[in-house]
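Notes for the one structure printed next.
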Amino acid sequence: MRDPRNRVVKVRRFGSPDGLEVVDAPLPTAGWGEVRVRVLASSVQYTDVLIRRHLYPQTAARRLPFVLGYDVVGEIDQLGDGVRGFQVGDRVADLTVVGSNAAYRTLRADRLARVPAGLDAAEAATLILSWTTAYQLLHRAAWVQRGQRVLVHGAAGAVGQALLALGRLAGLELWGTAHGANAALIRELGATPIDYQREDFTRVLPGGFDVVFDGIGEEGYRRSFTALKRGGLLCAYGYSAGVQAQRGMLTMLMWIARLYLWRWLPGGKRARFYSINVMRARHPAWFREDLERLFGLLATRAIQPRVAERISFDKVAEAHRRLEAGGLEGKLVLCPDLPSRRDRMPPQREPGPASQTDT
Ligand SMILES: NC(=O)c1ccc[n+]([C@@H]2O[C@H](COP(=O)([O-])OP(=O)(O)OC[C@H]3O[C@@H](n4cnc5c(N)ncnc54)[C@H](OP(=O)(O)O)[C@@H]3O)[C@@H](O)[C@H]2O)c1
């Protein structure tokens with residue numbers, strides 16, 4: 001059994017991945033109403049890049065250093081006072097925004113979702129942010145109807161793939177913008193690919209789309225709004241294009257505010273911004289219900305999330321670089337049980353006089 005030793009990924013400096021550091025940390029103790037988990041899996045995703053670059057409104061007020069890690073699947077190894085309904089050994093999941101790129105952490109018991117026995121921890125972790133976002137965009141924000149024509153931007157990305165897979169289950173007719181190299185993947189997911197470098201998505205469907213999901217925000221979402229039919233709905237949920245163009249957080253917040261003014265334009269089109277955290281704050285029961293539904297779909301293999309690689313602590317900074325470079329076909333998931341370089345190194349000998357055998 002592994003030593004109960006804690007290790008965490010800290011942001012020391014905002015900016016490049018060089019500002020990340022893997023350090024030993026004290027083992028936390030579960031307080032009142034909390035459990036402690038041994039972390040089995042915690043995804044590393046584009047939103048962590050935003051947090052690291054200090055471009056994420058929800059963590060803008062955080063003081064350095066702090067521990068990264070937006071989601072967690074873990075096994076309870078300690079119960080705090082006042083916790084009912086959970087036992088040591090139960091597998092649980094939560095969306096934590098920060099703090100889960102760790103070997104151990106504490107969590108509030110009243111926020112936990114249960115992870116069914118037999119699920120792969122890394123696959124389960126991919127569902128917590130990316131797939132719950134996709135599920136809620138479809139069924140809680142856009143309330144899609146079977147047969148609707150829907151455009152998904154960034155369709156080869158983590159949320160994009162989930163939107164296509166869940167959209168197909170919901171009986172939608174789907175198009176997905178992606179790099180040309182990802183056309184086969186988009187087709188495999190049941191959608192018509194649109195190469196965002198060569199094709200103009202506003203001209204693909206002359207009548208316009210019923211719904212557009214946009215986590216990229218090219219031109220401040222303007223073209224996505226243009227691509228809607230009369231009465232159509234734009235659900236924006238990210239601004240990767242602004243980040244790539246080195247825009248400041250204020251500019252991106254203005255893009256989001258402007259979406260709500262467009263509803264006054266002629267044509268009856270609507271636009272809104274979805275945030276998983278805002279929706280969870282308003283409807284906490286939905287979050288648990290939706291995530292547990294996704295765990296159920298995974299258990300029957302009705303959905304098959306892609307894990308690009310399970311990584312050790314050593315590879316988290318490299319994972320951030322890979323996310324920024326793009327081109328990944330699945331998620332990178334930190335699995336603290338995987339040995340790090342440090343674990344593989346032979347124990348250091350105490351310095352002292354060289355013995356005969358050293359020569
Ligand atoms: N609001 C919320 O609650 C919420 C929740 C989750 C995620 N998000 C946000 O949503 C965004 C996407 O997240 P993710 O985890 O899916 O990221 P991801 O895995 O990095 O996927 C982004 C995808 O977009 C593609 N792309 C880049 N530029 C594009 C363009 N101009 N047109 C079409 N596709 C383009 C990339 O493809 P290439 O590889 O070709 O570059 C990549 O496949 C991020 O900004 C994230 O922070 C928001």
Side-chain angles (χ1 to χ4, degrees), residues 43-53 55-59 70-71 95 97 125-138 140-141 151-165 175-183 185-186 189 191 193-202 204 212-224 227 235-245 247 249 252-253 255-256 259 272-282 286-287 290 305-308 319-333:
S43 317
V44 181
Q45 48 230 327
Y46 198 79
T47 310
D48 296 307
V49 170
L50 301 184
I51 294 173
R52 192 203 75 220
R53 291 177 64 169
L55 289 171
Y56 196 63
Q58 216 183 313
T59 52
Y70 214 103
D71 57 40
L95 181 91
V97 183
T126 68
L127 302 186
I128 303 168
L129 175 62
S130 312
W131 284 70
T132 307
T133 294
Y135 185 88
Q136 294 198 329
L137 278 166
L138 290 162
R140 307 290 195 187
L151 173 64
V152 172
H153 286 300
V159 179
Q161 286 189 33
L163 277 166
L164 294 188
W175 284 257
T177 64
H179 198 278
N182 286 324
L185 170 69
I186 305 304
L189 291 165
I194 302 173
D195 180 342
Y196 66 81
Q197 289 174 318
R198 292 170 195 273
E199 290 173 75
D200 178 356
F201 63 82
T202 62
V204 167
V212 177
F213 294 110
D214 190 346
I216 308 292
E218 287 280 2
E219 294 181 25
Y221 309 107
R222 273 203 189 87
R223 293 176 63 236
S224 286
C235 282
Y237 64 96
Y239 40 78
S240 312
V243 175
Q244 280 157 20
R247 300 297 184 100
M249 193 155 41
M252 284 154 338
L253 290 173
W255 290 355
I256 293 168
L259 290 174
R272 59 173 298 186
F273 192 86
Y274 163 89
S275 153
I276 195 168
N277 294 298
V278 171
M279 188 160 280
R280 188 179 190 182
R282 289 197 189 137
W286 284 359
F287 177 81
D290 297 344
R306 288 166 197 247
V307 176
H320 278 241
R321 290 190 187 95
R322 290 171 70 185
L323 283 161
E324 284 176 286
L328 281 166
E329 278 198 16
K331 284 194 80 159
L332 297 167
V333 184

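Atoms within each ligand, like the ligands themselves, are counted from 1 in listed order.
- The nearest heavy-atom contact from the protein to atom 17 (O) of ligand 1 is Tyr46 CB, 3.6 Å.
- Atom 38 (P) of ligand 1 has as its closest protein heavy atom Tyr196 OH, 3.7 Å.
- Near Gly215, meaning under 4.0 Å from any of its heavy atoms, are these atoms of ligand 1: 11 (C), 45 (O).
- In this structure, atom 22 (C) of ligand 1 lies nearest to the protein heavy atom Gly157 CA, 4.1 Å.
- For atom 2 (C) of ligand 1, the nearest non-hydrogen atom of the protein is Tyr237 O, 3.7 Å.
- Gln161 contributes a side-chain N or O that, together with a main-chain N or O of Glu329, makes up a donor-acceptor pair within less than 3.5 Å.
- The single protein non-hydrogen atom nearest to atom 6 (C) of ligand 1 is Thr133 OG1, 3.7 Å, given as residue, atom name and distance.
- In this structure, the side chain of Arg140 does not engage the main chain of Asp290 through any donor-acceptor pair within 3.5 Å.
- Here's the thing with Ser240: one of its N/O atoms is less than 3.5 angstrom from an N/O atom of ligand 1.
- Close approach of ligand 1 to His179 (heavy-atom distance below 4.0 Å) involves ligand atoms 40 (O).
- Shown in contact with Gly326 at under 4.0 Å from a heavy atom are these atoms of ligand 1, numbered in order with element: 39 (O).
- Using modelled atom types, one side-chain atom of Asp71 and one backbone atom of Ser43 make a donor-acceptor pair closer than 3.5 Å.
- At a heavy-atom distance under 4.0 Å, only side-chain atoms of Ile216, from C-beta outward, approach ligand 1.
- Residue contact check for ligand 1: Gln45 places no non-hydrogen atom closer than 4.0 Å to it.
- The part of Leu50 lying near ligand 1 is the side chain, judged by heavy-atom distances below 4.0 Å.
- Checked by atom type and distance alone, the side chain of Thr132 pairs as donor or acceptor with a backbone atom of Leu127 at under 3.5 Å.
- Heavy-atom distances between Ser275 and ligand 1 reach below 4.0 Å in at least one pair.
- No more than 12 heavy-atom neighbours from other residues, nucleotides or ligands sit within 6.0 angstrom of CZ on Arg247.
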